[in-house]
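As structure tokens, the structure follows; a few thoughts come after it.
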Amino acid sequence: MILRKVPSASNCKGIMNMRQALHRFSLLVFGLSILLMGQPVWAGDALFQYSTIDALLAGLYDGDMTLKDLKFKGDFGLGTLNGIDGELVVLEGQAYHVAAGGKANIPADTEKIPFATVSFFQEDTILKLDKVVSLDALNAAVSKGLPSKNLFYAIRIDGRFSHIKARAIPKQNTPYKPLAEVVKEQHVVQFSGEGTLVGYYSPAFVKGVNVPGFHWHFLTKDRQGGGHVLDCAMAPTTARLDTLHDFTVRLPDDKIFDALDLSGDKTEELHSVEKDPMKKQ
Ligand code: ZN
């Protein structure tokens, strides 16, 4: 007769230890898989930003982060290159540099940025848009559809544009002037046809850090042209929204940044930099 062996206390302990070891192993595999994927699991819900908009307004045009490192933080976004050389658009993991004059090219991964915001685009809301006649009308229409004004949103709009007015700032040389001065040198270009708007909505409370409200960059469908959007008009289309709950800012590792006086309110300067210079406000 075979008696079933009752596990001893030490055997129970052994089973527990084995379970713990298995659990730890599965956690290790999970952690490694995240590392190997090259992005954290919450990446689709996080906005990464390099430097602050007020540092850019103050003339800090040279950052220490490369495009290669920026692309680890997101596959969608906007910004500019060192020397405030034109406009940066990141779309579907590809970075595009729009030089003054509106022509887009693919920059080297070693290029650095003084300011940029990126995220991994995963749409979670779709907004239907009627015909849009101006940038103000676009902002009003998208604003109405935002689930909350207190969150960040990455916004992608693929559409047929009857009119896009876009700008790009020519590369600056040191000593750098403040952005409100430099922006007077911007080159304004008009586009029409199919293309993509890459934009962000940021809540009012990020004033000084990012651009409160909407910030749009544009790329033509053939990815040959684009810029920072000053005005637009488009046929009915849809806006794809990605709600972002996490917000990370990496500050420049730079003595110039350390010494900047960023205590003042630069709202007026930001407004003068963002607006269409031909438009009476
Ligand atoms: Zn811009």
Side-chain angles (χ1 to χ4, degrees), residues 47-61 63 65 67 70 74 76-91 95-105 107 111-119 121 135-136 138-139 142 152-157 161 164-172 176 178-191 195-202 206-220 223 225-232 249 266-267 269-279:
L47 179 65
F48 174 85
Q49 178 177 322
Y50 178 80
S51 193
T52 70
I53 194 71
D54 275 12
L56 194 73
L57 286 166
L60 183 56
Y61 300 154
M65 187 172 193
L67 281 179
L70 184 71
F76 178 95
L78 48 79
T80 182
L81 295 185
N82 272 6
I84 199 148
D85 180 8
E87 310 289 335
L88 174 72
V89 192
V90 182
L91 185 58
Y96 299 88
H97 165 236
V98 180
K103 199 170 169 341
N105 56 71
E111 293 271 358
K112 291 178 179 171
I113 48 157
F115 178 83
T117 49
V118 292
S119 53
F121 193 85
L135 183 61
D136 288 343
L138 171 67
N139 291 345
V142 177
F152 293 86
Y153 297 90
I155 310 161
R156 175 173 176 162
I157 300 176
F161 299 85
I164 286 257
K165 187 191 271 188
R167 73 113 190 272
I169 294 172
K171 186 173 184 181
Q172 299 295 301
Y176 293 138
L179 191 50
E181 285 297 310
V182 167
V183 81
K184 291 172 188 163
E185 299 171 28
Q186 69 184 358
H187 295 207
V188 177
V189 183
Q190 315 270 353
F191 295 97
T196 302
L197 289 177
V198 169
Y200 284 101
Y201 168 87
S202 300
V206 295
K207 189 176 82 163
V209 178
N210 201 317
V211 180
F214 295 93
H215 184 181
W216 302 100
H217 284 192
F218 174 70
L219 268 184
T220 55
R223 309 300 187 233
H228 168 103
V229 177
L230 299 171
D231 199 13
C232 67
V249 181
K266 294 187 186 295
T267 306
E269 266 178 85
L270 179 62
H271 190 57
S272 72
V273 165
E274 291 295 307
K275 72 175 183 184
D276 180 350
M278 303 303 288
K279 192 173 158 188

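Residue numbers run from 1 in the order of the sequence given. Values below: all heavy atoms of this structure, side chains included; hydrogens, waters and symmetry mates excluded. Remember, it's 1-based here, ligands and their atoms both numbered in the order they're listed.
- Considering CG of Leu91 and CG of Leu219, their distance stands at 6.0 Å, rounded to 0.5 Å.
- Between His215 and His217, the ring planes are perpendicular. Angles over 60° get that label, and only those under 30° would be called parallel.
- Remark: Gln190 engages His163, Lys165 in a side chain to side chain contact (heavy atoms under 4.5 Å, CB included) (not counting sequence neighbours).
- Between Tyr153 and Tyr201, the ring planes are tilted. Angles from 30° to 60° get that label.
- Around the Zn ion (ligand 1), protein atoms of type N, O or S found under 2.8 Å number 3.
- Remark: Leu230 CG to Ile164 CD1 distance equals 10.0 Å, nearest 0.5 Å.
- Using a distance-only test at 3.5 Å, with no hydrogens or angles considered, no donor-acceptor pair links the side chain of His187 to the main chain of Ala99.
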